[in-house]
Amino acid sequence: MNAGKSYLLNMLTQHIEQEYFKTADQRETTANKKLETQHYIYLDTPGLDANTQDDALAHQGIDEADIVLFVHQPQGELDASELAFLRQLKGRFGKSAKHSIAIVISKIDKESAAKIDAIDKEIQKQCQEKLGTVFTTFQISNTRYKTGISQQKNGLVQASHIDTLLQHLKKITPKIHQSRQNKLAASIEILRAEIDTLIQELGNEKTLIRENINEQFSHFNTQMEQLQAFLSESTSNFKKI
Ligand SMILES: Nc1nc2c(ncn2[C@@H]2O[C@H](COP(=O)(O)OP(=O)(O)OP(=O)(O)O)[C@@H](O)[C@H]2O)c(=O)[nH]1
Ligand SMILES: [Mg+2]
């Protein structure tokens, strides 16, 4: 939330003076919003952890996405909920997770380069240790890019690293076809695991019901056994007569 996602999409789509994706210094995006350009469809989502509806919309966006730019503002390293979200993302992209997900550290103009580098390293360490994957990270500044473009200050544009991110998108675009297949395979795996769990749960329930029935009928069964014993004894007595 408030990490600079909408601002970033404006910069990536060259909406420098007039924004297309609305930005604000508070929770702003509450619906998924798309922009189709020549090569890409950009999709802005609400931020995480504001409420369940926003989270659901973000997940819906991820279902549609070939590439995810996960924007983190550098108040520190990844928190527990961001890590949990990245873990889910990784599962959904399967074998292509490493190429399809990038972590964007935003607002680097607000901190010293040394602090940003330290956060970047820490994030990579967290991803390696907790998720078993190191995602590509980008340190960006939307505001530097905006000022750099509108005032033609090339140094600022370079220091924003937005062009580096655009180059990265171009580089991974040819891998999208493969990534879609891997994503599909991953979702089939997830479904299969869910079905296995359901089957297991049904089996457990069946055993429980069977045990319950046996317990409830145990008195009746004993009575029946006694009746059967009595009958066979009576029959043998009868034969003797
Ligand atoms: N200093 C600085 N501020 C930024 C940068 N990017 C965004 N902001 C500011 O951060 C605030 C949030 O930006 P948004 O782009 O609306 O953030 P968001 O992630 O889309 O927020 P939600 O839609 O609410 O989840 C705005 O006030 C932006 O002006 C940046 O690179 N540097
Ligand atoms: Mg937004």
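Just follow the structure's listing: the first ligand is 1, and inside any ligand the first atom is 1. None of these values were measured; they are calculated from a predicted model.
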D25 heavy atoms, cut-off 4.0 Å: which ligand 1 atoms fall inside?
27 (O)

In the protein, what heavy atom is nearest to atom 20 (O) of ligand 1, and what distance, to one decimal place, separates them?
S6 OG, 2.8 Å

Give yes if a backbone or side-chain nitrogen or oxygen of I140 is under 3.5 Å from a nitrogen or oxygen of ligand 1, and no if not.
no

Closer than 4.0 Å to some heavy atom of G47 - which atoms of ligand 1 meet that?
25 (O)

Consider every N or O of T45 and every N or O of ligand 1, then say whether any pair is closer than 3.5 Å.
no

Write out the residue and atom name of the closest protein heavy atom to atom 24 (O) of ligand 1, then the distance separating them to 0.1 Å.
E28 N, 2.6 Å

Are a donor atom and an acceptor atom from the side chains of Y40 and T173 found within less than 3.5 Å of each other?
yes

So, D44 and K5, do they make that salt bridge, N to O below 4.0 Å?
no

Minimum-distance protein heavy atom relative to atom 17 (O) of ligand 1
G4 N, 3.0 Å

Quick one: which ligand 1 atoms are inside 4.0 Å of a heavy atom on S141?
31 (O)

The number of protein N, O or S atoms lying under 2.8 Å from the Mg ion (ligand 2) is 2

Is a side-chain donor-acceptor pair under 3.5 Å present for N32 with T45?
no

Side chains of R144 and H161: do they bring a donor and an acceptor to under 3.5 Å?
no

Does Q88 have more than 12 heavy atoms from other residues, nucleotides or ligands lying within 6.0 Å of its CD?
yes

Greater than 12 external heavy atoms within 6.0 Å of F217's CZ
no

List the closest protein heavy-atom neighbour of atom 10 (O) of ligand 1: residue, atom name, distance to the nearest 0.1 Å.
K107 NZ, 3.0 Å

For D109, which part has a heavy atom under 4.0 Å from ligand 1: side chain, backbone, both, or neither?
side chain

Does CD in Q14 sit with more than 12 non-hydrogen atoms of other residues, nucleotides or ligands closer than 6.0 Å?
yes

Taking distance alone, with no angle check, do A24 and ligand 1 share an N/O pair under 3.5 Å?
yes

Residue pair E19 / T23, side-chain donor-acceptor N/O under 3.5 Å:
yes

Indicate, as side chain, backbone, both or neither, the part of R144 found under 4.0 angstrom from ligand 1 when only non-hydrogen atoms are considered.
neither

With nothing but distance in play, are any N or O atoms of K110 less than 3.5 Å from an N or O of ligand 1?
no

Under 3.5 Å, is there a donor-acceptor pair linking the side chains of D66 and S179?
no

Tell me which protein heavy atom sits closest to atom 23 (O) of ligand 1, plus the residue, atom name and distance to 0.1 Å.
T29 OG1, 2.7 Å

Distance-only polar pair, side chains of D163 and Q158, donor-acceptor under 3.5 Å
no

Is there a donor-acceptor pair under 3.5 Å between the side chain of S106 and the backbone N or O of A3?
yes

Looking only at distances, please establish whether an N/O atom of ligand 1 is found under 3.5 Å from an N/O atom of K5.
yes

For atom 6 (N) of ligand 1, the protein heavy atom that lies nearest, with its residue and separation
N142 ND2, 3.0 Å

Contact (N/O only, under 3.5 Å) between A3 and ligand 1
yes

Do NZ/NE/NH1/NH2 and the carboxylate oxygens of E64 and K34 come within less than 4.0 Å?
yes

Does an N or O anywhere in T143 fall below 3.5 Å from an N or O of ligand 1?
yes

Identify the protein heavy atom lying closest to atom 21 (O) of ligand 1, giving its residue, its atom name and the separation to 0.1 Å.
N2 N, 3.0 Å

In this structure, atom 7 (C) of ligand 1 is nearest to the protein heavy atom Y7 CD1, 3.3 Å

Which heavy atom of C127 sits nearest a heavy atom of I103, and at what distance?
SG-CD1, 3.8 Å

Among E82, E122, H72, which residue satisfies the side-chain contact (heavy atoms from CB on, under 4.5 Å) criterion with E77?
E122

When you measure from the side chain of Q124 to the backbone of K121, do you find a donor-acceptor pair of N or O atoms at a distance under 3.5 Å?
no

Partner of R210 by side-chain contact (heavy atoms from CB on, under 4.5 Å), out of N214, N212, T207, L208
N214

Mind checking whether S106 contacts ligand 1 via backbone (N, CA, C, O), side chain (CB onward), both or neither, at a 4.0 Å heavy-atom cut-off?
neither

